Every structure is written in structure tokens, then in C-alpha cells.
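Below you'll find the structure, written out as C-alpha cells, and then a few comments.
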There are 2 protein chains.
Amino acid sequence: MLINYAILRLLSAEPMSGYDLKKIMQESLYMYWSGNNNQIYKALLQLCSDDLLTSEIHHQDGAPTKKLYKITDKGRAALLEWVVSTPPEAPEFKKPFLIQMACAGQLEAAQIEELVLKYQHELNLQLIMQQEKQRRMNVAPSLAKRERFIEDMIFDNIFTFYQSELQWTQKVLQGIRNNFREESQR
Amino acid sequence: MLINYAILRLLSAEPMSGYDLKKIMQESLYMYWSGNNNQIYKALLQLCSDDLLTSEIHHQDGAPTKKLYKITDKGRAALLEWVVSTPPEAPEFKKPFLIQMACAGQLEAAQIEELVLKYQHELNLQLIMQQEKQRRMNVAPSLAKRERFIEDMIFDNIFTFYQSELQWTQKVLQGIRNNFREESQR
DNA sequence: CATGCCATGTAAGGCGTTACATGATTTC
DNA sequence: GAAATCATGTAACGCCTTACATGGCATG
């Protein structure tokens, strides 16, 4: 399960509780599990029983008791092994909007335009939210050069994803205005 | 459920059987259900009981009996209503490769490069497959100008998705070569 | 004679989400 | 006094996939 490796990755940086992991995943741009503790707590149990993690109970006063999870040497080895030996998968996407577009032949030009504009708006919102997440996340100050580069590349990937989708909406809008000018000018 | 509207859309062009729908969805670039008859047959039953479709049993000699589904006026109205009144959603993506990348700080430059090259290769394969699908699908010869335009835009969307991902891999590879030159030249 | 296509359907199970339960502490 | 945060966990459900069951016809 991929989420197990995502957790191992996070714990390879520093020990954390399940709750911490949940928050980080909620804020993450590419860990796409939308802050879902159910899966996290189950995964943690499994990883512990596989000896990839150890858990330590931390009593705190003025706050609930928590379990601190640490990655083991076996865990680090498993993560490394996974990274180098897993064949990279092509990305998946779900674009419900394309299904809407596919139905748009029935509509008037102005209606299609309106739809695309709404989509554009939604994309802009999303893009701003992602940038905001990225901004909030930057607390780790002194990463190694390599780590920094990788972080940047990951952000760039997500950023250009939305950018190119936005560019596509521009192309569509222009196409509508050029091809269906007669109608939309009336 | 979105798949219901995808089915309505397909049946709005011409009557079909569940099996036909399954095949089309398998070949579709943006209907992302990977040819899954389970959902299709269930959806068809539901759509029938909602009077959005009618089904007609067709006996064929030399082939199994099939059920031909036709969209009703109510079905067309529901589809149109859905298209114009559903707020467009931002696309979702899952890129397991980014999780792999996030772990790559541990690796040597050459290993990262290898990983990215493999990803690039996988993307190229995928892109070719999608183009092949698109080529095979083009049997509908004389679409209206508007329909043609929409079809083209949808294909363009998917095409540029892979293209921009490929461009990203180029950027990453260059970055590795520039930033970690010392190591990778050894 | 095995494989594959046409055609309909069912079963099992994994992945993922929302929501709930509990309970203490802090903040408005 | 209400709401948010910290913290762990469970329950219920929906979506989606793979695989299976059936059976006739065609193709190699």
C-alpha cells in the first residue's frame, strides 16, 4: 500500500504521532488522501507489526497522551528498497469537467462559455489554495541542497498542472469565440 | 453519480447495449472507469427505474440476446439540466511518482536520474496508448462543427496533460545534471 | 480443441471518505 | 458557554476493481 510508504517517508524525517501525520497529509500537495485518519491509524498498526516502526507512549500534562512513532532501520531499508525498485507509474487523473464538456454540444455558445469560465474560476481557487498550503508548509528552514531541489520540483509539478489546465481553458474560450462568433455576437 | 451522466451522454448519441457502453468506456480517454461492467449494469437498472432510459430486448441469431437501451425525453432533459447546473469541479490527480520523488533525497544523483528516466518512459508509453485509442475511436465521420471542436478540445486536454508532465521530467533531469554535476560526472 | 468475442450478470474485497465517540484543554 | 485544537480510535458506507459464472458462436 502506497500510504504506508508515504508514512515511512514522513517518519524518516522525524518521529511523529498519528495525529501529526494526519495534519501533514491534509496539508500536503501530493499525498492525496485528504487527511483521513482511519487509514493512517490502521497503517501505523500494520507497520509496527512488520517492525518497520516502533511506538512509544508519551504522557503529556495539559494534553492527551500520544504515541510517538519512530522508523526502525528495517523501516528505512524497506523505504529505500521501495523507492529504487518500484517501477514508476504514470499519473492518474479524474476530470469530471471533461464529461460535462462532452455534453456541451447541446448548449448554446454562451452557455458553454459560461461553463468554461466557471471551471476557470474553480481552477484559480484551487491554485491559490495550493500555493497557500505550500507557503504555510515552509517551516523546515535548512534543507540540504538536494532536498530543497526535490521539494521545489514537486511543487513545480503541481503548479504547472494547474497552470496548463488554465491555459487549456483559455484555448477553449478563444476557440468558442472564433468558431461560434456568429451566434455569440447576437 | 457521475457515471450515470456519462452513460446518458453516450446513449444520447445512439441506443446501445451495456456491453457496447463498457467497450466505449474502456477506450475512452476521459471516462475513467476502466471498463467496469459492474457499475454499468447497476447504473442502467437505476436509470431505467428513474424513467431516464427504456430497454428493449433484441433477439439476434448467431449472437446472444441483448438489451438495447434508449434515452427518453426525461433522460435528455435530466442530462441537459445536469450539464448547465452542476458547478464544474477542479480535476483530481494521483501521482504516486511524486511520493517516490519525495524519498529520493536519500539516493545518489545517478539513481534519481534513472528513476526519472523510467518515469519518462512510462509517460511516453501512456501518451502513445492514448493517441492510439484516439485514432481507433475516430469512426464517427461527420460531426457537426461544434461537436468536432469539443472532441478536439477534450483530446487536446489529455494530450497536453501528458506533454506537460514530460516537460517536467526534462526540467528535473536538467536540474539534476546542473545541481549535482560533481557527483554524476564522477 | 483452445482461445477470443459477444452479452449479461454477480461476488468479493480493497481503497477511501465522512461521520461518530471520547475527553481534556485552550481560546473567543 | 461555545467552538477549536490535541489525540486516538471505530463504524458505516460508497466507489471501483478484479474475478468469476454462464453460454453460444467464430477463428486459428
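The shown structure was predicted, so the numbers you read here are calculated from the model rather than taken from an experiment. Below, read A as the first sequence line, B as the second, and so on, with proteins coming before strands; counting in each chain starts at 1. Computation of the quantities below employed the complete heavy-atom set of this structure, encompassing side-chain atoms and omitting hydrogens, waters and symmetry-equivalent molecules.
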In terms of side-chain heavy atoms of [X], which of [options] is nearest?
| X | options | result |
| --- | --- | --- |
| A/P64 | D/dC16, C/dT17, D/dA7 | D/dA7 |
| B/N38 | C/dA11, D/dA12, D/dC16 | C/dA11 |
| B/M1 | C/dG16, C/dT8, D/dC16 | D/dC16 |
| A/S17 | C/dA7, D/dC16, D/dA7 | D/dA7 |
| B/D20 | D/dG9, D/dC16, C/dA7 | C/dA7 |
| A/K67 | C/dG16, D/dG9, D/dT17 | D/dG9 |

Relative to the ring of B/Y5, is the ring of B/W82 parallel (under 30°), tilted (30 to 60°) or perpendicular (over 60°)?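 Rings of B/W82 and B/Y5: parallel, under 30°.
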
Parallel, tilted or perpendicular: which fits the ring planes of A/F97 and A/Y119, with parallel below 30° and perpendicular above 60°?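 If you compare the ring of A/F97 with that of A/Y119, the planes turn out parallel.
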
Roughly how many Å is it from [atom1] in [X] to [atom2] in [N], rounded to a whole number?
| X | N | atom1 | atom2 | answer |
| --- | --- | --- | --- | --- |
| A/L44 | D/dG9 | CG | P | 9 Å |
| A/L21 | D/dC6 | CG | P | 14 Å |
| A/Q39 | C/dT18 | CD | C1' | 12 Å |
| A/Q26 | D/dC6 | CD | P | 10 Å |
| A/E27 | D/dT5 | CD | P | 12 Å |
| B/I57 | C/dT8 | CD1 | P | 10 Å |
| B/E92 | D/dC15 | CD | C1' | 12 Å |
| A/I40 | C/dT17 | CD1 | P | 10 Å |

Between [X] and [N], does any side-chain N or O lie under 4.0 Å from OP1 or OP2?
| X | N | value |
| --- | --- | --- |
| B/Q60 | C/dA7 | yes |
| A/Y41 | D/dT8 | yes |
| A/Y19 | D/dT8 | no |
| A/N36 | C/dT17 | yes |

Is it true that B/R136 and B/E132 have a side-chain N and a carboxylate O under 4.0 angstrom from each other?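 Yes.
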
Salt-bridge contact A/K118-A/E122 (side-chain N to carboxylate O under 4.0 Å):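 No, this pair does not count.
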
Please check if the side chain of A/D156 supplies one atom and the backbone of A/D152 the other of a donor-acceptor pair under 3.5 Å.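 Looks like no, no N/O pair under 3.5 Å.
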
If you pin A/K66 and A/K42 to their nearest nucleotides in DNA chain D, which one's is more 5'?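 Final value for this comparison: A/K66.
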
Taking any heavy-atom pair under 4.0 Å as a contact, classify B/K22: base, sugar-phosphate, or nothing.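 Nothing, no nucleic acid heavy atom in range.
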
Is the number of heavy atoms from other residues, nucleotides or ligands within 6.0 Å of CD (A/E89) greater than 12?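 Counting other residues, nucleotides and ligands, CD of A/E89 stays at 12 neighbours or fewer.
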
Taking for each residue the nucleotide of DNA chain C bearing the nearest heavy atom, is the 5' side occupied by B/L45 or by B/K94?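 Its nucleotide being nearer the 5' end, the pick is B/L45.
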
